[in-house]
Participant: 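Here it is: the structure, laid out below.
Chain letters run A, B, ... following the sequence lines, proteins first and then strands; every chain starts at 1. Small disclaimer: the values here were computed from a predicted structure and weren't measured.
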Amino acid sequence: MIKSSSWLTILGILPLLGAVLISALPKKSELNAKRIALVTTLVIAALTVAMATQFQRDNVDMQFVVSRSWIPSLGINFALGVDGIALVLILLSTLLAPIVVLAGWNEATGGRWSVKTFYILLLILETMMIGVFAATDVFLFYVFFEAMLVPVYFLIGGFGTGARSAAAVKFLLYSLFGGLLMLASIIALYVISGEQGGPTFDIGALSQLQMSSTTQNFLFLGFFIAFAIKAPLWPFHTWLPDAADAATPGTSVLLLGVLDKVGTFGMIRYSLALFPEASKTFTPVILVLAVISIIYGAFMAIGQTDFKRLIAYTSVSHFGFITMGIFAMTSQGISGATLYMFNHGFSTGALFLIAGWMAARRGSSKIGDFGGLQRVTPVMAWVFFFAGMSSLALPGLSTFVSEFLVLVGTYTRYPVAAVIGAFGIVLAALYILIPIQRSLHGPTTPGNESLTDLNVREKIAIAPVVAIILVLGFYPSPLLNVINPAAQHTITKAGFSDPLPTISAKVGK
Amino acid sequence: MINLALEVGKTPAPEAILFWILAPLVLLAALGMLLAKKAVHSAILMAWVMITLAIFYIAQDALFLGIVQIVVYTGAVMMLFLFILMLVGIDSKDSLTETIRGLRPIAILAAVGFGGLLISLIGRSTLGHDEVGLATANEAGNVPALAQLLFSRYVWAFEVISALLITAALGAMVLAYNHRITSRPTQRELSEMRFRTGSLANAAGLPNPGVFALHDAVDVPALLPDGTPAPNSISATLEARGDIIDSRPFQLGEMEEEK
Amino acid sequence: MTSNALVYLIALPLFGAAVLMLAGRRADRRGHILATVLSGGSFLLGLYEFSQMLSRSSENRAVTQKLFSWISVGSFKVDAGLMLDQLSISFVLLITGVGTLIHIYSIAYMSHDLDRRRFFAYLNLFVAAMLLLVLGDSYLNLYVGWEGVGLASYLLIGFWNQKPTYATAAKKAFVANRVGDLGLSLAIMVAFATLGTVSFSGVKENAGQASTAALTAIGILLLVAATGKSAQLPLQAWLGDAMAGPTPVSALIHAATMVTAGVYLITRSNFIFDAAPIAQLAVAIIGAITLLFGAIIGAAKDDIKKALAASTTSQIGYMVLGAGLGPAGYAFAIMHLLAHGFFKAGLFLGAGSVMHGMNNEVNMRRYGGLRKFMPITFATFGAGYLSILGVPPFAGFYSKDRIIEAAFNAGGVRGVLLGSAALLGAAITAFYMTRVVVMTFAGKARWEEEVHPHESPALMWLPMVLIAFGSTFSGFLFTRGDALRNWLAPVVEPVAAREQELLSPALVSILALLLVVVGAGLAVMKYLRQDVPVVAPEDVSIFTRVARRDLLQDDFNEAVFMRPGQHLTYALVDIDEVIIDGAVRGVGRMATGSAGALRTTQTGFVRSYAMWILLGAIGLIAAIWMVTL
Amino acid sequence: MNPANYLYVSAMLFTIGAIGVVVRRNAIVVFMCIELMLNAANLAFVTFARINGNLDGQVMAFFTMVVAACEVVVGLAIIVTIYRSRRSASVDDASLLRR
Amino acid sequence: MLTFTAPTLSYFLLSPILVVLGGALLGVFAEAVLSRESRPSAQLTITLSTLVLALVQVWRIRDESSLSAAMGSVAIDGPAVLLQASVLILAIFSVFLIADQGSFTAMAAAIPGSPEEKESLQRGEKLTEVYPLTLFAVAGMLLFPVATDLLTLFVALEVLSLPLYLMAGLSRRRRLLSQEAALKYFLLGAFSSAFFLFGAAFLYGYSGGLTLSSIYDAVIGGTANSVFLLIGISFLSVGLLFKVGAVPFHAWTPDVYQGAPTPVTAFMAAATKVAAFGAMLRIFYTAFANAYWDWRPFLTVIAIITMAFGSLVAIAQRDIKRMLAYSSIAHAGFLITGVLALNKAGLDATIFYLFAYGIATVGTFGIVTLVRDSSGEVTDLNRWAGLGKRSPFIATAFATFLLAFAGIPLTSGFIGKFTIFSAAYEGGNKGVVVVGVLSSAIAAYFYIRVIVLMFFTDPEEDGTVVVIPSVLTRITIIATFAITIFLGVFPTPLLNFITSMATFIR
């Protein structure tokens with residue numbers, strides 16, 4: 001059996017091993033590269049699930065902890081560990097990875113570089129994704145946070161379509177800018193921790209620091225802006241549609257599905273935990289931004305003419321919900337937000353994969369270029385419809401649970417925000433149904449008559465996504481049980497508790 | 001003014017008189033150096049500044065430095081300057097129009113600002129002690145005392161500065177020394193070259209410049225028998241500097257036509 | 001009481017839906033039979049549960065089944081739980097009973113459609129979702145079914161979505177429903193925030209301690225939800241377009257069951273509305289306005305299905321009005337709901353039968369004199385017609401008159417106004433329904449030559465006949481000894497003794513009948529005595545024109561929501577591009593621009609470089625000068 | 001006499017030299033102006049040596065002269081090289097490198 | 001009569017400098033006696049062995065700590081050893097590049113375009129004087145950061161500068177530009193050293209002595225008001241800031257970086273920065289430490305302007321060498337924040353940063369020497385398009401260096417930035433940290449633009465090729481690349497070493 005402390009390290013190293021294997025292949029063996037990538041990601045997914053079964057649900061401490069001194073002179077440790085929230089996000093990453101490999105079996109061809117390079121980058125990215133969620137050392141987190149940009153940058157710029165290099169640069173610069181602001185805050189934390197008993201980057205130790213409220217506010221902002229850009233929150237969102245538009249579908253799935261979660265994950269793990277007071281101070285502003293994101297993203301999605309951009313904007317809206325849930329500081333809000341992150345990964349991932357397949361078949365991702373697909377490619381159309389329903393949070397599908405939890409959790413503390421945000425529900429119907437009506441329904445338009453339906457590989461790739469969306473819609477407990485203690489712990493540490501029902505307050509009197 | 005006069009009057013030694021005579025002169029010379037159109041004038045004024053400074057040094061009990069200033073600076077360095085000036089054009093002038101837009105007014109402002117601020121600052125400074133004077137330090141004579149310092153306390157710098165001198169020599173050689181790539185042609189080869197190649201036009205040597213009654217300067221090209229000027233009769237350097245006087249006005253044919 | 005069987009009520013049709021969906025073309029041949037059998041099985045199970053329930057005392061009749069813990073976060077705990085009580089079972093039987101009949105009907109009706117399997121999958125899905133709606137033991141479970149039926153409705157309206165207008169109609173229905181759903185989800189949030197629970201039992205228990213304001217808020221939000229699902233003002237506009245779906249769908253979903261879910265919701269939440277008079281009044285007012293609104297539109301429609309759809313809106317208005325009258329009206333609302341379930345389903349199936357025989361022609365001006373060609377259809381349609389008019393002893397008579405009566409008895413001006421509206425509605429109902437019947441079955445034949453009207457096959461008329469029985473006799477059964485009211489008693493509080501009677505029941509019945517006769521007479525005068533032009537006359541009054549345009553409901557929505565929404569969208573897209581992304585790019589351009597400007601400091605002239613150094617030095621000593629001043 | 005007067009002279013000479021570097025175009029004159037600045041510094045050293053009563057300043061001034069001589073050699077070599085390539089000793093003509 | 005006591009010099013402690021000077025003299029001698037053909041290899045051998053020997057000597061004196069190595073003119077302490085070692089290591093790598101003689105003219109005295117020049121090139125002659133010049137410059141650089149009196153400082157400054165002025169003018173191609181660079185560098189360098197000297201005069205006037213310790217004493221217990229001190233600090237700073245290329249004393253940097261032969265640019269960008277910042281550290285941390293209230297404000301302003309200006313203007317550059325020059329200006333700004341910190345952390349961080357930056361710089365310019373067309377190095381950025389396709393490893397290495405400059409984690413540049421900013425923050429300069437971070441963001445833009453150009457733009461068929469590097473250049477690139485990555489991942493050994501070593505003695 002694997003030692004508890006080795007789990008995370010093994011998970012992190014495996015993709016790199018895969019990458020090394022691939023790089024050792026001869027130049028032309030594309031198929032083997034794909035196979036290795038698939039096998040590696042599958043093994044990692046299986047191992048992650050195995051690890052998850054070892055997770056002690058009611059233990060709020062970090063688990064599978066490993067801590068080695070890395071740069072002792074700066075107090076930096078190679079420290080990994082997961083709580084329920086991180087575990088769920090690692091699961092999301094590792095489960096999505098094989099799906100992306102399988103779904104995008106041919107998307108690496110025609111890129112600027114060899115197919116091998118694509119999978120090497122992808123596997124490196126997987127390591128970074130695991131690392132960024134597992135890091136319990138702020139410095140290590142920052143390293144992963146920034147280093148992650150590099151493979152993504154090359155994945156977008158090297159294998160995307162259209163204005164890929166401009167989009168890649170925009171993505172990179174935007175993220176770098178945020179990251180550097182965060183770096184400034186990290187530096188300050190480091191110095192302050194040095195003044196209060198020895199420099200450290202350990203999250204636990206840092207959350208004990210005494211800071212003046214001004215300092216806290218500034219440092220909070222440094223972290224938060226980085227996360228808001230990553231998430232992306234209005235008005236820091238404009239890189240996302242460009243990037244999602246330019247990237248290959250698989251990359252976009254990881255971008256929207258996992259990478260953006262780093263932002264919202266960071267808000268829970270770092271913004272709330274390290275700066276509870278500042279979080280309180282800024283909550284009104286953040287809620288306003290979140291609500292704007294929800295509504296604005298939805299409207300923007302409605303106004304899009306391109307599938308990929310549309311999906312990107314729906315994500316802006318969804319991230320608004322997630323952020324709102326987080327800063328509601330209720331257990332429902334944070335649990336819901338975490339679950340939302342997981343679910344969004346799959347539902348948006350499915351949307352994007354199918355949009356990618358559609359675009360690959362049609363040679364265009366313009367909504368207007370499609371029409372009547374339901375008659376031509378029924379399976380593809382249905383899966384898209386299904387994913388769309390999931391995206392608009394149809395009850396019975398997984399996203400509903402999380403969206404509703406977020407709304408309920410927000411309502412108990414910030415009713416106005418929740419009510420305005422809830423209007424996103426209506427807009428979601430519009431932004432999903434309008435493209436469905438235009439591309440799947442109606443008469444089959446010229447150019448679409450001979451599109452082929454999903455092949456077996458694609459069906460195999462998408463089936464687990466559909467299954468997860470469906471199962472978690474009815475039975476989210478396996479995840480919620482893992483998330484809940486961590487979420488509760490987070491709000492308790494931040495000095496909050498769930499608001500009681502108003503009647504019990506009355507009864508209490 | 002009155003204060004100035006009073007101060008001059010109070011000054012006990014002839015140093016003050018010397019100073020008040022030379023200081024304005026040195027400043028005027030420096031200014032002149034700044035303003036002189038011709039480089040060579042600047043150089044001459046510069047030499048004057050240096051000599052004056054040497055006098056100042058001596059007046060301030062720095063006898064050795066004063067001498068060195070005259071010998072090294074005025075004697076060697078300034079000569080080097082003049083030498084190079086000769087090489088690159090002794091009477092080349094700066095044109096009066098300023099090429100860089102807006103530099104001149106900024107420069108004047110800068111001069112006033114820099115100088116003004118500096119003087120005002122010096123005027124505001126205090127050292128907290130009176131002038132000590134060099135009587136004690138120079139007790140054994142200025143030169144021995146300097147030597148004492150130079151060869152003990154500052155011997156390391158003294159050693160290191162040799163590196164500087166070598167560098168300078170090496171640098172000058174790198175930039176100026178044109179080592180021969182081909183072996184130097186012998187007299188024989190030269191004369192063969194002169195007679196066997198091309199026309200015999202140059203066989204008798206180049207014409208001499210300026211062979212007229214009106215002009216016999218080196219900067220006037222000679223006239224060939226057919227009355228045309230011979231540009232290769234003057235030095236290439238003059239030509240390059242543009243210091244050539246046209247020889248046409250002295251052409252014979254034109255004079256005849258005047259009749 | 002707990003039961004382990006409840007889940008199978010839902011599971012059977014859900015299983016059918018899943019099989020039909022996933023099996024694909026392989027299920028084409030037998031799929032419809034499987035679907036029908038499963039739906040029938042659900043009905044039988046419902047009957048079994050009903051019989052079990054009858055064998056228990058009224059307090060113990062409700063049974064529950066907890067499946068698993070669905071969502072549990074902090075104090076927010078929702079079980080996947082089902083509850084079958086007297087109210088639910090009424091719906092279960094209606095849904096599965098009528099549903100099964102319509103399944104049978106559809107086998108024939110859809111026999112020529114290539115996608116019949118898909119149709120049955122949707123039907124099964126709908127049945128399952130609707131059952132979940134009425135069986136859920138908490139608002140959140142209800143919500144799942146609530147949106148589930150919306151989805152099924154969307155799918156079925158858009159069943160022939162290759163026609164763009166149908167696809168649009170489906171979308172419209174979904175969106176309008178979503179607006180209602182927003183109300184429901186907000187209601188659940190308010191309920192949780194104030195009461196700490198979202199289960200029906202919990203809310204009922206705690207409602208007494210909550211403030212009236214909170215309860216009013218919940219009530220109003222639930223009303224919003226109901227207006228969406230039940231096509232009440234102001235969210236009524238989708239129902240007419242929903243007729244794009246195949247006619248059995250219109251019968252089942254958009255007449256008999258789904259659209260009445262709003263009434264179910266209000267009745268189910270009686271404990272909230274009873275404690276929030278303002279919300280209750282709002283319910284009644286909405287019902288009253290809608291019943292008139294729908295009736296007027298119905299009177300102007302030439303499309304038989306749209307006329308019936310408008311009628312549905314109107315009839316649900318009655319139900320909502322009834323539910324808005326509080327304990328006095330709940331039972332009647334439900335009664336009318338059940339009766340309406342029969343007669344409106346019958347009417348729609350009849351309309352479908354007519355269309356079936358008329359090459360899918362829906363324009364009544366192209367009908368006429370069909371009585372001879374479709375006798376059975378005429379007979380069953382006639383039963384439904386009489387029922388909706390409220391002619392005794394047809395079912396509608398019992399339920400509608402009670403609602404009108406209860407409205408009058410609501411007290412004061414309110415009662416008079418509500419009652420009058422209901423009465424007036426009855427008259428208009430008579431007018432438009434007579435118009436439909438006359439234009440379709442009486443008069444001269446106006447159809448085109450290639451049309452050969454014929455009676456529908458037995459598989460279609462058999463369900464119609466059975467349903468006609470329902471529309472004929474159900475009212476009598478329900479009111480016998482106040483059977484339904486007593487049956488529902490523990491769920492909705494038994495009505496208090498009547499404080500006052502503005503009008504006696506008999507008087508109400510007479511008044512209503514009188515008005516019905518007037519309305520019907522007018523219609524007969526206009527459409528039987530005169531020839532009906534094949535093309536709708538254009539030189540009609542402004543009122544007719546407005547009514548034909550659905551009382552401008554679409555124009556209103558377009559002008560108030562859609563257009564501004566579109567403009568807002570386009571504006572936001574521009575803003576995103578120009579202002580927000582523009583700001584981002586602007587920062588970039590500013591950097592590049594200032595870089596370009598600063599670059600010019602590098603003139604290449606060594607003297608200007610020296611100047612920089614000199615200026616730097618001046619800057620330094622100027623700073624010194626200042627600090628030492 | 002107050003030795004500070006020498007400092008004033010030194011400051012003025014330094015200023016004049018600095019301005020000369022900026023306004024003159026002939027490379028040799030520019031260079032001479034730099035020499036003037038060095039000399040101004042030397043004057044300050046000598047004056048301060050007198051004020052402070054030790055000879056370190058004079059030693060420094062002495063070294064400055066040596067350094068200046070070396071600089072002159074290197075500088076003039078560079079100027080001559082440039083002159084040979086371009087036939088111009090104007091610093092303004094040496095402005096190919098920019099932007 | 002004066003009695004003369006013979007000075008005592010600790011030759012052991014001075015041995016690194018003496019070895020280098022000796023090597024230089026040997027080089028000059030070799031120049032005179034050896035045949036033209038045998039000079040290149042002989043000179044290279046002499047130079048490299050000199051530098052290695054000097055490095056060994058530095059290692060041997062690492063534990064020494066003395067103020068009296070040269071009658072109080074030189075301090076040998078931890079920072080001295082670190083800085084000298086850095087200079088020597090960077091010099092060795094630079095010499096590797098210099099040895100790849102394609103960059104130097106064969107005959108500096110020949111007029112550009114003249115037959116002599118062509119003839120000399122055809123004969124494949126080599127300009128071997130570069131080696132002794134380099135060694136002289138190295139000697140100056142070794143002395144500059146250890147000098148403890150103004151006189152030695154000034155001499156060291158000149159010893160390091162004069163060879164560089166000369167070397168800047170020795171480019172093989174585009175000689176007019178190269179000579180112009182030499183002229184500009186020389187004139188401005190001399191101009192700024194005049195300021196330095198004038199400042200030194202005032203410091204002497206203020207403290208009555210030339211040593212840093214006398215200034216330190218005067219600051220603490222002097223009777224004078226601070227006017228002379230301030231003038232002295234300012235003007236001295238002008239000279240130092242000129243050498244490091246801080247705004248507004250930066251203007252020479254892009255022109256000289258562009259015009260000078262690329263190996264010389266590498267050498268002067270890397271090693272000069274170490275020497276100059278080393279001296280700055282020593283002066284500001286020892287002599288002026290207690291007057292920080294006076295100099296910190298203006299140095300802060302300069303740091304801010306420098307970071308922002310360098311980062312910003314680099315965006316507008318079209319020439320890779322100019323771009324790197326502006327980048328070096330920005331880095332000077334970052335380094336000044338380390339000086340500003342005025343604490344132990346700042347000292348450690350600055351030394352680490354200097355070394356990391358120097359290594360990456362040498363590597364970067366090493367790669368620049370490889371990208372050529374038929375007429376020599378190609379520095380036009382647009383023609384670097386598609387380099388990733390032509391030569392993936394070189395492009396990857398270059399990208400890595402750029403990422404190190406940008407301060408991306410897992411490169412040495414990140415650790416450098418992190419440590420230096422945290423030191424600045426600790427020193428109370430929060431504003432500088434924020435500006436630094438923002439400048440880094442701007443700077444990232446132009447580094448990334450080059451990466452985009454190399455990897456995401458299709459190559460033009462314009463004859464640009466990456467030449468196969470010579471063994472020495474290859475060693476340089478690989479070694480600097482490896483160090484850059486290693487210091488990004490495992491900086492601990494070096495950081496610890498620096499921390500344990502770096503303490504100034506007064």
Side-chain angles (χ1 to χ4, degrees), chain A residues 170 174 234-235 237-239 296 299-300 302-304 330-332 335-336 372 374-375 382 389 394-396 400-401 404-405 407-409 411-412 415 418-419 422-423 425-426 428-430 433-434 437 440-444 474-477 480 484 487-488 498-504 506-507, chain C residues 21 24 68-76 80 129 140 143-148 150-151 154 158 161-164 166-168 170-171 174-175 177-179 181-182 185-186 188-190 192-198 206 209-211 214 565-566 568-570 572-573 576 580-581 583-584 588:
Chain A
K170 194 171 181 182
Y174 231 131
W234 186 90
H237 64 277
T238 54
W239 64 271
Y296 182 90
F299 268 113
M300 288 304 296
I302 293 169
Q304 295 306 308
T330 57
S331 55
Q332 291 89 19
S335 284
Q374 204 184 63
R375 315 282 146 185
W382 276 113
M389 288 300 118
L394 189 81
F400 167 74
V401 179
F404 197 81
L405 276 175
L407 284 172
V408 158
Y411 186 88
T412 52
V419 169
F423 275 92
I425 295 179
V426 178
L430 282 171
L433 293 181
I434 289 174
Q437 184 201 342
L440 305 185
H441 297 166
T444 308
F474 284 104
Y475 197 57
S477 306
L480 278 179
N484 281 339
Q488 189 62 52
D498 284 348
L500 292 170
T502 45
I503 52 157
S504 53
K506 213 158 104 185
V507 170
Chain C
M21 296 267 224
F68 50 85
S69 165
W70 182 28
I71 304 174
S72 166
V73 178
S75 55
F76 187 79
L140 205 64
Y143 190 39
V144 177
W146 188 265
E147 287 231 324
L151 171 69
Y154 166 80
N161 59 33
Q162 61 267 47
K163 270 187 85 171
Y166 287 13
T168 313
K171 185 186 71 191
F174 197 105
V175 173
N177 270 300
R178 266 260 149 162
V179 178
D181 300 348
L182 172 64
S185 57
L186 287 175
I188 300 173
M189 288 173 218
V190 181
F192 175 69
T194 47
L195 307 170
T197 174
V198 297
N206 293 351
Q209 294 147 20
S211 67
Q566 276 173 344
L568 178 62
T569 305
Y570 297 143
L572 282 180
V573 169
D576 199 56
I580 298 184
D581 203 30
V584 174

Participant: Taking side chain as C-beta onward, heavy atoms only, is A:Pro235 less than 4.5 Å from C:Ile580?
Facilitator: yes
Participant: Is C:Val190 close to chain A through its backbone or its side chain, or both, or neither, when contacts mean heavy atoms under 4.5 Å?
Facilitator: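 The answer is both parts of C:Val190.
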Participant: Give, for atom CG of A:Leu433 and atom OH of C:Tyr154, the distance between the pair rounded to the nearest 0.5 Å.
Facilitator: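 Going from CG on A:Leu433 over to OH on C:Tyr154, the span is 4.5 Å.
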Participant: Given a strict heavy-atom distance threshold of 4.5 Å, which part of C:Thr197 is in contact with chain A: side chain, backbone, both, or neither?
Facilitator: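 Neither part.
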Participant: Between A:Thr330, A:Leu407, A:Asp498, which residue shows the highest count of heavy-atom pairs closer than 4.5 Å to chain C?
Facilitator: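 Looking at each option in turn, the highest pair count goes to A:Leu407.
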Participant: Between A:Gln332 (side chain only) and C:Val73 (backbone N and O only), is there a donor and an acceptor less than 3.5 Å apart?
Facilitator: yes
Participant: Chain A heavy atoms under 4.5 Å from C:Ile71: which part of the residue, side chain, backbone, both or neither?
Facilitator: both
Participant: Under 4.5 Å from any heavy atom of chain A, what part of C:Val584 do you find: side chain, backbone, both or neither?
Facilitator: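 Interface part for C:Val584: side chain.
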Participant: Relative to chain C, which segment of A:Pro443 carries a heavy atom at a distance below 4.5 Å: side chain, backbone, both, or neither?
Facilitator: both
Participant: Establish, yes or no, whether a centroid distance under 6.0 Å links the rings of A:Tyr475 and C:Phe68.
Facilitator: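 Yes, ring centres under 6.0 Å apart.
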Participant: Please give me the minimum heavy-atom distance between C:Ser72 and A:Leu480, naming the atom from each residue.
Facilitator: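 For C:Ser72 versus A:Leu480, the nearest heavy atoms are N-CD1, 4.2 Å.
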Participant: Is it the backbone or the side chain of A:Trp239 that comes under 4.5 Å from a heavy atom of chain C, or both, or neither?
Facilitator: neither
Participant: Among C:Leu182, C:Asp181, C:Val198, which has the most heavy-atom pairs under 4.5 Å with chain A?
Facilitator: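 Going by pairs under 4.5 Å, I would pick C:Leu182.
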Participant: Please look at C:Ala80 and chain A and tell me whether the side chain, the backbone, both or neither of the residue comes under 4.5 angstrom of a heavy atom of that chain.
Facilitator: neither
Participant: Are any non-hydrogen side-chain atoms of A:His441 and C:Gln162 less than 4.5 angstrom apart?
Facilitator: no
Participant: I'd like to check A:Phe299 versus C:Val573 (side-chain heavy atoms, cut-off strictly below 4.5 Å). Are they in contact?
Facilitator: no
Participant: Give a yes or no on whether the backbone of A:Thr238 and the side-chain of C:Asp576 come within a donor-acceptor separation of less than 3.5 Å.
Facilitator: no
Participant: Do C:Trp70 and A:Val401 come close enough that some side-chain heavy atom pair is under 4.5 Å?
Facilitator: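 C:Trp70 vs A:Val401: side chains touch.
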Participant: Nearest 0.5 Å please: distance from the CG atom of A:Leu500 over to the OG1 atom of C:Thr194.
Facilitator: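 Output value for this atom pair is 13.0 Å.
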Participant: Between chain C and each of A:Tyr411, A:Phe474, A:Phe400, count heavy-atom pairs under 4.5 Å; write down the option with the most.
Facilitator: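 The residue among A:Tyr411, A:Phe474, A:Phe400 with the greatest pair count is A:Tyr411.
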Participant: Taking all non-hydrogen atoms of both residues into account, name the closest pair between C:Glu147 and A:Leu394 and its distance.
Facilitator: OE1-CD1, 3.7 Å
Participant: Can you say whether C:Tyr143 sits under 4.5 Å from chain A via the side chain, the backbone, both, or neither, judging by heavy atoms?
Facilitator: both
Participant: Please flag which part of C:Leu572 lies under 4.5 Å from any non-hydrogen atom of chain A: side chain, backbone, both or neither.
Facilitator: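 For C:Leu572, backbone and side chain are both near chain A.
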Participant: Could you tell me the separation between the CG atom of A:Asn484 and the CZ atom of C:Phe76, rounded to the nearest 0.5 Å?
Facilitator: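 Atom-to-atom, A:Asn484:CG and C:Phe76:CZ are 12.0 Å apart.
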Participant: With sequence neighbours excluded, tell me which residues meet ring-ring contact (aromatic ring centres under 6.0 Å, His included) with A:Tyr296.
Facilitator: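 Testing A:Tyr296 for ring-ring contact (aromatic ring centres under 6.0 Å, His included), a comparison that skips the adjacent residues, returns A:Trp234, A:His237.
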Participant: Where does C:Leu186 contact chain A at under 4.5 Å (heavy atoms): side chain, backbone, both or neither?
Facilitator: side chain
Participant: Using heavy-atom distances under 4.5 Å, tell me whether A:Ile425 contacts chain C through its side chain, its backbone, both, or neither.
Facilitator: both
Participant: What option among A:Gly303, A:Gly442, A:Gly396, A:Gly372 has the most heavy-atom pairs under 4.5 Å with chain C?
Facilitator: A:Gly442
Participant: Rounded to the nearest 0.5 Å, how far does CD of A:Gln437 lie from OG1 of C:Thr168?
Facilitator: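 If we round to the nearest 0.5 Å, C:Thr168:OG1 and A:Gln437:CD are 4.0 Å apart.
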Participant: Are any of the side-chain heavy atoms of C:Ile188 and A:Phe404 separated by less than 4.5 Å?
Facilitator: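 The answer is yes; the side chains approach within 4.5 Å.
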Participant: Salt bridge (Lys or Arg N to Asp or Glu O under 4.0 Å) with C:Asp581: which residues, sequence neighbours excluded?
Facilitator: A:Lys170, C:Arg585
Participant: For A:Ile302, which atoms come within 4.5 Å of any heavy atom of chain C: side chain, backbone, both, or neither?
Facilitator: both
Participant: Let's test your reading of the structure: which of C:Ser185, C:Gly565, C:Ala583 forms the most heavy-atom pairs below 4.5 Å with chain A?
Facilitator: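 So the answer, after comparing C:Ser185, C:Gly565, C:Ala583, is C:Ser185.
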Participant: Identify the heavy atoms of C:Gly196 and A:Pro501 that sit nearest to each other, and give their distance.
Facilitator: CA-CG, 3.3 Å
Participant: Tell me whether A:Ser477 contacts the main-chain N or O of C:Ser69 through its side chain, where contact means a donor paired with an acceptor under 3.5 Å.
Facilitator: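 At least one qualifying donor-acceptor pair exists.
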